2 protein chains.
Amino acid sequence: MTLASRHDSADDSPGLLLWQVTNRWQAAQRAALKPFDITHVQFVLLATLTYLGPAGPVTQKALADMAATDAMMTSQVLRTLESRGLVHRPAHPTDRRARAVAVTEAGRDLANQAVVAVEACDAAFFAGLGDHLPAFTAALRTLRAG
Amino acid sequence: MTLASRHDSADDSPGLLLWQVTNRWQAAQRAALKPFDITHVQFVLLATLTYLGPAGPVTQKALADMAATDAMMTSQVLRTLESRGLVHRPAHPTDRRARAVAVTEAGRDLANQAVVAVEACDAAFFAGLGDHLPAFTAALRTLRAG
DNA sequence: TGCATTTAGTATGCGCACTTACTATCTGGT
DNA sequence: ACCAGATAGTAAGTGCGCATACTAAATGCA
């Protein structure tokens with residue numbers, strides 16, 4: 001199978017399929033998050049902050065690693081979230097280079113509402129896979145590990 | 001499985017996994033295409049144009065449908081490709097609203113070189129799946145069909 | 001202690017993806 | 001033939017994702 005034959009729609013490369021499917025998924029996420037007026041990445045960071053467990057406040061770098069987002073991006077998006085009062089990021093207690101990012105009450109409320117919409121969106125998106133979902137998820141985990 | 005438990009890295013949602021894997025794949029594509037000085041989307045459109053078979057020149061809308069790219073994006077990227085002499089888009093012979101997009105010799109040459117790099121990149125990326133690749137591809141096709 | 005290296009974060013610029021709004025043209029029903 | 005609606009494409013604006021360059025602070029080692 002080569003790209004040279006991809007005008008035959010039954011024979012696309014896995015890479016192109018992955019890209020196209022992700023585009024569809026992102027569009028669905030955007031639609032699901034529109035009522036909350038936050039973007040996909042904003043939601044990912046907010047949800048990660050909200051549900052990171054007992055670890056407590058983290059640095060922006062640690063959050064970026066957790067959420068698998070770009071570090072530069074994380075900085076910018078967090079400033080946006082801060083301007084909306086959804087997170088606050090005071091100076092880090094021991095590392096004066098860093099900031100200790102934490103979600104606010106408003107941010108936690110929004111995350112709790114948005115996560116319901118996002119999970120419903122995901123459930124609908126992957127419903128077509130049926131019994132093959134666990135195998136699909138396992139394959140994605142393999143690819144993520146690289 | 002809920003997002004609320006995603007700090008447990010063994011239990012991520014399929015949506016987030018899909019997003020993270022695609023980010024990795026796009027980074028790999030970017031690296032593979034860097035020597036050719038074209039972006040991922042530019043390559044997709046150029047390759048689609050080059051290998052669309054005997055159908056000949058197409059409109060920008062038809063190309064966008066084929067490549068599963070956004071129509072506005074397609075317009076913009078094609079103008080970039082045109083400015084580099086990789087495609088030309090004269091007026092459509094019968095529909096004066098439309099343009100008949102076609103790849104140039106230079107564009108075809110570049111596509112033929114880039115496709116080798118991209119296929120090698122894809123092969124390496126999905127090598128970890130081994131025998132599970134066909135099932136994975138089938139699942140992606142199911143999701144793309146929606 | 002002093003200095004090179006590493007790390008956290010910011011600033012800036014480019015290309016992508018999408019949205020809304022708009023023009024020009026084609027098409028179909030009466 | 002006419003006019004409403006659909007379609008191809010462009011224009012402008014926003015947010016994402018990444019790359020490069022930079023500042024400031026922590027770290028490690030002689």
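Because the structure is predicted, anything quoted here is derived from the model rather than measured. Keep in mind that the numbers below use all heavy atoms, side chains included, and drop hydrogens, waters and symmetry copies. Throughout, protein chains are lettered first and strands after them, A, B, ... in sequence-line order, and every chain is numbered starting at 1.
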So, does [X] get its side chain near the phosphate of [N], meaning an N or O under 4.0 Å from OP1 or OP2?
| X | N | value |
| --- | --- | --- |
| A:T39 | D:dC16 | yes |
| A:S75 | C:dG9 | no |
| B:R97 | D:dT10 | no |
| B:Q76 | D:dG9 | no |
| B:Q26 | C:dC16 | no |
| B:R30 | C:dG15 | no |
| B:R96 | C:dA24 | no |

- Item | Same apolar cluster: B:M72 and B:L81, side chain cutoff 4.5 Å |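 No.
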Assign [X] to base, sugar-phosphate, or nothing according to its heavy-atom contacts below 4.0 angstrom with the strands shown.
| X | result |
| --- | --- |
| A:W19 | sugar-phosphate |
| A:Q42 | sugar-phosphate |
| A:D95 | sugar-phosphate |

- Query: Checking A:R99 side chain against A:R89 main chain: does a donor-acceptor pair fall under 3.5 Å?
  - Reply: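 Looks like yes, one N/O pair under 3.5 Å.
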- Message: Quick check on contacts: within residues 78-91 of chain B, what sits under 4.0 Å from DNA chain C by heavy-atom distance?
- Response: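 Residues of residues 78-91 of chain B under 4.0 Å from DNA chain C: none.
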As a test of reading the structure: which of [options] is closest to the side chain of [X], going by heavy atoms?
| X | options | value |
| --- | --- | --- |
| B:M73 | C:dC26, C:dG9, C:dA17 | C:dA17 |
| B:K61 | D:dA11, D:dC18, D:dG9 | D:dG9 |
| B:M72 | C:dT10, C:dT20, C:dA17 | C:dT20 |

- Residue whose closest nucleotide on DNA chain C lies nearer the 5' end, B:V41 versus A:K34: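 It is B:V41, whose closest nucleotide lies nearer the 5' terminus.
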- Message: What's the separation between atom CG in A:L18 and atom CG in B:L18, rounded to the nearest 0.5 Å?
- Response: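 The CG atom of B:L18 is 6.0 Å from CG of A:L18, to the nearest 0.5 Å.
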